[in-house]
Amino acid sequence: MADPKGFLTTGRETADPRPAGDRVKDWNEVYDNRKLLPIIGKQAGRCMDCGIPFCHNGCPLGNFIPEWNDRVWRDDWRGAIERLHATNNFPEFTGRACPAPCEQACVLGINDDPVTIKNVEVSIIDKAWENGWVTPLAPERLSGKTVAVVGSGPAGLAAAQQLTRAGHTVVVYERDDRIGGLLRYGIPDFKLEKKHVKRRIEQMRAEGTRFRTGVEIGRDLSATKLRARFDAVVVATGATVAREVDAPGRGLGGIHAAMAYLKAANKTQEGDYTVSPLDATGRHVVVIGGGDTASDCIGTAHRQGAASVTQLDIHAPAPSARPESTPWPTWPNILDVKVSSSHKEGGRTLHRVNTVEFVDDGAGNVRALRLVEGKRDRNAPGGFVPDPSAEPTEIPADWVLLAIGFAGPEREGVVEQFGLDLDRRGAVARDREYRTNVDGVYACGDAGRGQSLIVWAIAEGRACAAAVDKALGGPGNLPVPVAPDDRELTA
């Protein structure tokens, strides 16, 4: 193990984010991870190398966390990146954009602050890039088999990299103008600067993965032709159908889906626009939703210079301590997890409220929201029970962003073209080997799992690649396979 007494002698310490007043003036990452290096060795030394490391179970990738913690404590950074890359293709993504379920499962966290696993992870990969240790790993021989990957988000990229390294000829199809999917257009720069995505793509190109942008299956290339060209097809299109708010006035101007808003902001940072076509400057912004996407919208609105930012969450405020309903090592819905850096930049959050009407300004645009108080109830219509004694209230809103989750992959295009079956949740149905009802077609990531975490997308991409490799005559032992949950297997 690392320092045998580290968990007793060293407290948890993390690098502070850049001051809120400074960071809202630019789009650079909130955290300057270079400040972590002076403290990260001792933080890694807090790892107890438990007999049963529950952090492995907390991480969908099964990362060898105690092993790379030990190597960092011993200043063996080269060994640390080798153990980290053994299970995770893109630790610079998870080290920045993953909520770190591994930390909530840390054994030290039972009665103390858990190890700063996420900070150690990002420090390892940043140091590896800095020292030139991340190099292309081209296959020694080609299998003669071909695989198409539809979608270039974290699941698609992970599957493509694994299959390329196994010797298969892999082509990634992306309908957008740039590779990266959610990583490129769904996550703002202040959480994940796109230089990290770009250099991984260049590594994959050097390994032999081929990329085709601006190609939409069903519009530019039929599923029939795609299936005829390739020995296998991996569907990794994500879950992009946004959930809606069913309330009068929904069709008014100024109401936008969160991902359309974030994509426009990211394309502006790429240089496609001088000013975002969906710009919140000077507006009273209301973000409906309580998850990560809502948080990203809040941070984006701050940087665009919104007049005010209000978040609406139908849930009650999260408790400060782990509730009995989510005991260790499960993922807790606590205040420290729910409050992001974006929330600390300003604005307010209203809890236990639901939108019952978008109010017209008389010119076809929204000017306010009419809200009602109540409580969350998944069994009630709309998942909310209004308080019968509470009167509806109005708040100003001339820019509304809907960030209430996603209902699965789009039906048009890949799903309809291939004739893929869907499960009861609207995701692509697949078996434990990621096979769909169509021979030779597989599904992974949010397309098959439903809306989930970036770490789950990478884990599923790796596991799906193993299944495809095995079906194509390979050993199929690329990663430790991750099987879909039982609830995901049937429609």
Side chains of [X] and [Y], donor plus acceptor under 3.5 Å:
{"X": "Arg23", "Y": "Asn28", "answer": "no"}
{"X": "Thr240", "Y": "Glu410", "answer": "yes"}
{"X": "Asp177", "Y": "Tyr185", "answer": "yes"}
{"X": "Asp446", "Y": "Gln451", "answer": "no"}
{"X": "Thr146", "Y": "Thr169", "answer": "no"}
{"X": "Thr300", "Y": "Arg303", "answer": "no"}
{"X": "Asn63", "Y": "His56", "answer": "no"}
{"X": "Asn89", "Y": "Gln162", "answer": "yes"}
{"X": "Thr94", "Y": "Glu121", "answer": "yes"}
{"X": "Glu29", "Y": "His196", "answer": "yes"}

Practice problem: Using the ring of Trp129 (Phe, Tyr or Trp, six-membered ring only), decide whether Arg199 places NZ or CZ under 6.0 Å from its centre and within 45 degrees of its axis. | Solution: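 The answer is yes; both the distance and angle limits are met.
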
Quiz item: Can you find a pair of side-chain heavy atoms, one from Val235 and one from Tyr442, that are under 4.5 Å apart?
Solution: no

Does atom [atom1] of [X] have more than 12 heavy-atom neighbours, drawn from other residues, nucleotides or ligands, at distances under 6.0 Å?
{"X": "Arg322", "atom1": "CZ", "answer": "yes"}
{"X": "Asn131", "atom1": "CG", "answer": "yes"}
{"X": "Lys191", "atom1": "NZ", "answer": "yes"}
{"X": "Lys470", "atom1": "NZ", "answer": "no"}
{"X": "Leu8", "atom1": "CG", "answer": "yes"}
{"X": "Asp439", "atom1": "CG", "answer": "no"}

Quiz item: Ile454 and side chain to side chain contact (heavy atoms under 4.5 Å, CB included): which partner among Leu183, Leu182, Leu192?
Solution: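 Testing Ile454 for a side chain to side chain contact (heavy atoms under 4.5 Å, CB included) against Leu183, Leu182, Leu192 leaves exactly one candidate, Leu183.
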
When you measure from the side chain of [X] to the backbone of [Y], do you find a donor-acceptor pair of N or O atoms at a distance under 3.5 Å?
{"X": "Lys338", "Y": "Gly290", "result": "yes"}
{"X": "Glu345", "Y": "Ile298", "result": "no"}
{"X": "Arg78", "Y": "Ile81", "result": "no"}
{"X": "His351", "Y": "Asp313", "result": "no"}
{"X": "Thr268", "Y": "Ala264", "result": "yes"}
{"X": "Ser295", "Y": "Ser340", "result": "no"}
{"X": "Arg462", "Y": "Thr87", "result": "yes"}
{"X": "Glu174", "Y": "Ser152", "result": "yes"}
{"X": "Lys118", "Y": "Thr116", "result": "no"}
{"X": "Gln43", "Y": "Glu13", "result": "yes"}

Nearest heavy atoms of [X] and [Y], plus distance in Å:
{"X": "Gly186", "Y": "Leu262", "result": "O-CD1, 3.5 Å"}
{"X": "Gln311", "Y": "Thr349", "result": "OE1-OG1, 3.0 Å"}
{"X": "Asp189", "Y": "Gln269", "result": "OD2-CB, 3.9 Å"}
{"X": "Ala318", "Y": "Asn333", "result": "CB-O, 3.6 Å"}
{"X": "Val72", "Y": "Ala80", "result": "CG2-CB, 3.8 Å"}
{"X": "Phe64", "Y": "Ala86", "result": "CE1-CB, 3.9 Å"}

Quiz item: Between Leu36 and Val122, does a side-chain contact (heavy atoms from CB on, under 4.5 Å) hold up when you go through it step by step?
Solution: CA-CA 9 Å; Leu36 287 170; Val122 77; 3.9 Å; yes

Decide, yes or no, whether a salt bridge links [X] with [Y] under the criterion of side-chain N to carboxylate O below 4.0 Å.
{"X": "Glu193", "Y": "Lys198", "answer": "no"}
{"X": "Asp272", "Y": "Lys267", "answer": "yes"}
{"X": "Arg435", "Y": "Asp431", "answer": "yes"}

Exercise. Hey, can you tell me if Phe190 and Trp27 have their rings parallel, tilted or perpendicular (30° and 60° cut-offs)?
Key: tilted

Practice problem: Among Lys195, Arg34, Arg96, Lys35, find the residue that satisfies the salt bridge (charged side-chain N to carboxylate O under 4.0 Å, His left out) test when tested with Asp126. | Solution: Arg96

Quiz prompt | Criterion salt bridge (Lys or Arg N to Asp or Glu O under 4.0 Å) on Arg184 and Glu270, from CA distance to verdict | solution = CA-CA 10 Å; Arg184 174 78 75 165; Glu270 293 279 5; 2.8 Å; yes

Exercise. Please report the C-alpha distance between Arg71 and Trp77 in whole Å, then the side-chain angles of each, then the deciding distance to 0.1 Å, and finally whether the side-chain contact (heavy atoms from CB on, under 4.5 Å) criterion is met.
Key: CA-CA 6 Å; Arg71 284 163 172 76; Trp77 292 87; over 6 Å; no

Quiz item: Can you check salt bridge (Lys or Arg N to Asp or Glu O under 4.0 Å) on Asp423 and Arg425, steps first, answer last?
Solution: CA-CA 5 Å; Asp423 63 20; Arg425 298 168 303 116; 2.8 Å; yes

Exercise. Could you go through the side-chain contact (heavy atoms from CB on, under 4.5 Å) check for Ser341 and Lys344 one step at a time?
Key: CA-CA 5 Å; Ser341 61; Lys344 298 176 182 178; 5.6 Å; no

Practice problem: In sequence, state the C-alpha distance, the side-chain angles, and the governing distance for Asp176 and Lys263, and then conclude on side-chain contact (heavy atoms from CB on, under 4.5 Å). | Solution: CA-CA 11 Å; Asp176 278 325; Lys263 181 176 181 178; 2.7 Å; yes

